[in-house]
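Have a look at the structure below before the remarks.
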Amino acid sequence: MSTDYNFSEIERKWQEYWEENGTYKVTEDSSRPKFYVLDMFPYPSGAGLHVGHPLGYIASDIYSRYKRLKGFNVLHPMGFDAFGLPAEQYAIQTGRHPAETTEENIARYKRQLNRIGFSFDWSREVRTSDPSYYKWTQWAFLKMFGSYYDNRLQKARPVEELEKAFAAGGTDGVDAACTRPMNFTADQWNGMDRRQRADVLMNYRIAYIGETSVNWCPELGTVLANDEVKEGLSVRGGHPVIQKKMMQWQLRVSAYAQRLLDDLDGLDWSESLKEMQRNWIGRSEGAEMVFKVFNGDSSYDMTIFTTRADTVFGVTFMVLAPESPWVARLTAPEQKEQVDAYLAAAARKTERERIAETRQVTGVFTGSYAVNPFTGQRIPVWVSEYVLAGYGTGAIMAVPAHDSRDYAFARQFNLPVIPLIEGCDVSKESFDAKEGIMCNSGFLNGMTVKEAIPAAISKVEETGIGRRKVNYRLRDAIFSRQRYWGEPFPVYYEDGIAVPMDESELPLCLPEVDKYLPTESGEPPLARAADWNYRGWPIEKSTMPGFAGSSAYYLRYMDPRNDRALVDRTRNEYWKDVDLYVGGTEHATGHLIYSRFWNKFLYDLGYVCRNEPFRKLVNQGMIQGRSNFVYRIKGTNTFVSYNLRDGYDTTEIHVDVNLVHNDRLDMEAFRKWRPDFADAEFILEDGEYVCGWAVEKMSKSMFNVVNPDNVCDAYGADTLRLYEMFLGPVEQSKPWDTKGIDGVHRFLKKFWRLYYGREGALFTDKPASAAELKVLHKLIKKVSDDIEHFSMNTSVSAFMIAVNELNELGCTSREILEPMVVLLSPFAPHICEELWSRLGHDSSVSAAAFPEYEARYTEENTFEYPVSFNGKTRFKLELPKAVDPKDAEAAVMASPNTGKYLDGKPVRKIIVVPSKIINVVF
RNA sequence: GCUCGAGUGGUGGAAUAGGUAGACACGCAGGACUUAAAAUCCUGUGGGCAGCAAUGUCCGUACGGGUUCGAUUCCCGUCUCGAGCACCA
């Protein structure tokens, strides 16, 4: 048996052992408390893992292993988010089936993950593209199709109950979330035919089909959700996105806006992430107000939304969104030509162009007028792009004096500006702040803005002009994608009426197609599938988006092979929810909103027992690349070292970071790297070639991708794990910098040397000394506190200190060395398994118990000392043994806090520098 | 523009209730063992000033104020960087 730390042999051995023995397989066990640690499952891309991906997995694995040692029954699964665009685009280029390439990518991912020594229970693996999995994605969709949202009860209910209510009393007494408000009587409902009823119900379903303005990406040939578009470009691929009206499946996420907002308060998530969700939900309180509008002889009531009802006396015009249905109604014949031209121009623009032209003010007069309900004044109605169709009612009252956008518009088109706040200057810009005293505002005069807002809304309600209203920025999620590689909708069209399939017919599997491109007529790829129909009726041709499969996967891990339910009730009641969820912040407004919505929906229907899915969430930072450069002298094949390059005219060239160690170039490897560098010459400093560096995104084109496999080859998985933790706080983004990895590797070697010298085993049965025990117990306390607080980086430091101290003490006692192995095993499981077994244990170290921290070593060194004040013993001090009680008492008496706190608070801490007491902390 | 974070040595970063700032590691410098190298080990390492020295002393956590006996930590203002949202009425 080798006495050296042979990491590659050790790691291979134990990884095989874990697999053969099913060491990390977990079953429901009601005798032990559960703990559910989840990582956001990866999309298995063709590029494989780089060193940044496992950061969160390592942290969560340490946490899982720690909890296991603490006696918890830990569920720590892994799976794959396997549907997605890259596999499909690869299929379009190569003709290979996405299932095939996905399978290969998953195999590579699993191999790479297993090399790092994670304690995943692979028997519970899920893949979203697997029919036995997406059966339950489709099932949830059918449930959403069959449900509506009851605003009064604030929960989802079966559509059948809505039908009963309609049959009994029409829309009277029904308060349900819907696309547009409806009004009909029971008689009208009962008189409707099948198609009419289907149309009405579609207005209420939680999964519904409807015409909406969508983000259409022509390049990708599909629609995208709001969170898949950034700055007018698709997140995947960066292609331009335009607005288009289309019939699309949607999920009524907006119905859950208030609950999604309220329930954030109870979650143990970072404040910044909660804030992001709050912004995305975008609750704003205000009022809806009705304005009378006139087009020639016709008059209508038009509703607008405002958060500034107090400024109604300053309304000098109104503005409609170009897409608003009011535009057609309110365009006067003499203005029709101009309005149509404006609408056409607006429709042609991409989202990006609209954003780019934000500063340009455009608009057109409709020729119609409205009446200000408070002043009776006649005001013109305009159309402009700066008003959004999708928010509020798509129409606004414009108050140029107190809204900068209205102000810009008024200045552009010479519309009047009426200031409403005493002393404000609106000659150059609007006064947007909600402060000051109202003027020119009738009954509001003299009030502060803060008083005027509720007063104005009350008046609006009293006079029947409108009502209090809360608006949300959160929109319904568009759920159709015109793509192949996604879940098919279990819906067919009978005479054009959408009909759900029966649950018993799931899964509806993806059909084979000859090509993965849209058809010539622009239909989705599924239209290429011959004979794909249901009893002769056409099946829905679009597929579900990426977030469909990832919205409930955490539930499926609880019961992954169940074919009768998404998750069995008793299993769900055992595992309940995710105690710790680790993943990137990029999912803040996508997956993490959809998942919460999906879970709440299932909760409403009684399929799951928890209202929120993820109790605690940690966002791991991104690991950026650290690129290296060499400097070629122009026109030559000579490269000059970093610090000497000033004297030359050079070109900076990215060099593969795998050819560089501590910024020193391996010149031989460099010559072999590419043929044109084969005869490269170098100008060196101190005999070495020093490279330049920069922090950039980790990508192939920058040659800065570090593959964890290479790190495992060179240093071992345990070093990789420790090093990724040592790099800094898990939540923080940082560049991957191999400087310093030697230090961590050195630590593991030192750790090994504590157990094995060159001559063999060093551990003995000798009892531990007090000093040794103190080192151990200090470490136990530090490490457990650190892991609970997710600061693994400082734990690694603590291990280094402890090992140095034990070395100095010449520690050989098993009493110390055994618990040390258990302690380190969450971080470096392989080396610890090996040492554990060499210490004579038959079972895996993961079956051990995390050592208990014994306070006696601090107790032994402290004692209580009564302090008298005014002749009465007031409290006892806990003093470090090194401190002379007289000094302590003197320090207490001299303490500036004594007078303040002597009677009340206990002493918390005595601050001692080597020889003297500085202060007493109460 | 709005919202939320963060600014500490040459570098990554510690300081987990306001209490010795710079733990630990890298890098660097010097030394030991080597014919040599690698590996390993030891010592030093924020800055200024004084001293042969051990040491002493002052300044230091982006900047300017404040609260406190005491501030990297709390409060106000400024600057810089990062993240998110962005015509949301």
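Chain letters run A, B, ... following the sequence lines, proteins first, then strands; residues in each count from 1. Note that this is a predicted model, so its numbers are computed, not measured.
- Pairing for B/rC24 is with B/rG12, a Watson-Crick or G-U wobble pair whose two hydrogen-bonding atom distances lie under 3.5 Å.
- Contact check, A/R278 against B/rC4: no side-chain N or O comes under 4.0 Å of OP1 or OP2.
- Pair assignment for B/rA89 gives none, since no Watson-Crick or G-U wobble pairing has each distance under 3.5 Å.
- Atom CG of A/L748 and atom P of B/rA39 are 17 Å apart (whole Å).
- Defined by atom type and a distance below 3.5 Å, a donor-acceptor pair is present between the side-chain atoms of A/S404 and A/D432.
- Comparing A/M276 and A/Y472 by the nucleotide of RNA chain B that holds the closest heavy atom to each, the one mapping nearer the 5' end is A/M276.
- Geometric assessment of A/K781 against the ring of A/Y853 yields a positive cation-pi assignment under the 6.0 Å and 45° thresholds.
- Across the P atoms, B/rA39 and B/rG47 are found 27 Å apart, a figure rounded to whole Å.
- In this structure, B/rA50 forms a base pair with B/rU55, meeting either the Watson-Crick or the G-U wobble geometry with both donor-acceptor distances under 3.5 Å.
- Comparing the same atom, P, in B/rA62 and in B/rU8 gives a spacing of 6 Å after rounding to whole Å.
- With sequence neighbours left out, the salt bridge (Lys or Arg N to Asp or Glu O under 4.0 Å) criterion links A/E435 to no other residue.
- Look at CZ on A/R473: it is 9 Å from P on B/rC87, rounded to the nearest Å.
- If you take CG of A/L722 and P of B/rC24, they are 17 Å apart, rounded to a whole angstrom.
- With C1' as the reference atom, B/rC28 and B/rG46 are 14 Å apart, rounded to whole Å.
- The shortest side-chain heavy-atom distance between A/T585 and A/L273 falls under the 4.5 Å cut-off.
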Walk me through whether A/R278 and A/D265 qualify under salt bridge (Lys or Arg N to Asp or Glu O under 4.0 Å).
CA-CA 10 Å; A/R278 288 191 191 107; A/D265 293 338; 3.4 Å; yes

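- Comparing A/L273 and A/I396 by the nucleotide of RNA chain B whose heavy atom lies nearest to each, the residue mapping closer to the 5' end is A/L273.
- When the P atom of B/rC85 is taken as reference, atom CG of A/L474 falls 14 Å away, rounded to whole Å.
- Heavy atoms of A/S270 sit nowhere under 4.0 angstrom from any nucleic acid atom.
- Taking atom CD of residue A/E288 and atom C1' of nucleotide B/rA89, one finds them 13 Å apart after rounding to whole Å.
- Side-chain atoms of A/D403 and A/S430 include no donor-acceptor pair closer than 3.5 Å.
- Taking atom P on both nucleotides, B/rU3 is separated from B/rA17 by 31 Å, rounded to a whole Å.
- Regarding contacts with the backbone of B/rA89, a side-chain N or O of A/Y391 is found under 4.0 angstrom from either OP1 or OP2.
- Here B/rG5 sits opposite B/rC81 as a Watson-Crick or G-U wobble pair (both hydrogen-bonding atom distances under 3.5 Å).
- Taking atom CG of A/N619 as the reference point, atom C1' of B/rG84 lies 12 Å away to the nearest angstrom.
- A 4.5 Å side-chain heavy-atom check between A/H402 and A/D310 finds every atom pair outside the cut-off.
- No hydrogens or angles considered: a donor-acceptor pair under 3.5 Å links the side chains of A/S284 and A/Y391.
- As judged by a 4.0 angstrom heavy-atom cut-off over every strand, A/R475 is placed among the base-contacting residues.
- Only the P atoms considered, B/rU40 is 13 Å distant from B/rA25, to the nearest whole Å.
- Residue A/R746 has a polar side-chain atom (N or O) positioned under 4.0 Å from OP1 or OP2 of B/rU40.
- Closest to the A/S284 side chain, of the nucleotides B/rA25, B/rA89, B/rU3, is B/rA89.
- Across B/rG60 and B/rA53, the matching P atoms stand 26 Å from one another, rounded to whole Å.
- Nucleotide B/rU61 forms a pair with no other nucleotide shown, judged by Watson-Crick or G-U wobble geometry with both contacts under 3.5 Å.
- With both ends at atom P, the span from B/rA14 to B/rG9 equals 14 Å, rounded to whole Å.
- Nucleotide B/rG9 is shown with a syn base, its glycosidic torsion being within 90° of 0.
- B/rA32 is paired with B/rU40 under the criterion used here, namely a Watson-Crick or G-U wobble arrangement in which both key atom distances are under 3.5 Å.
- Among B/rC41, B/rU3, B/rA89, the nucleotide with an atom closest to any side-chain atom of A/K750 is B/rC41.
- In this structure, CD of A/E385 is placed 19 Å from P of B/rA89, rounded to the nearest angstrom.
- Base pairing analysis places B/rU68 opposite nothing; no Watson-Crick or G-U wobble pair with both distances below 3.5 Å involves it.
- Taking atom CZ of A/F827 as the reference point, atom P of B/rC24 lies 18 Å away to the nearest angstrom.
- Judged as a side chain to side chain contact (heavy atoms under 4.5 Å, CB included), and not counting sequence neighbours, the contacts of A/D737 are A/R626, A/K739.
- Annotation: B/rC58 and B/rG1 have their P atoms spaced 45 Å apart (nearest Å).
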Its contact letters, B for base, S for sugar-phosphate only and - for none at protein heavy atoms under 4.0 Å, make nucleotides 7-16 of chain B read -----BSS-B

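- There is no side-chain donor-acceptor pair under 3.5 Å between A/Y756 and A/D4.
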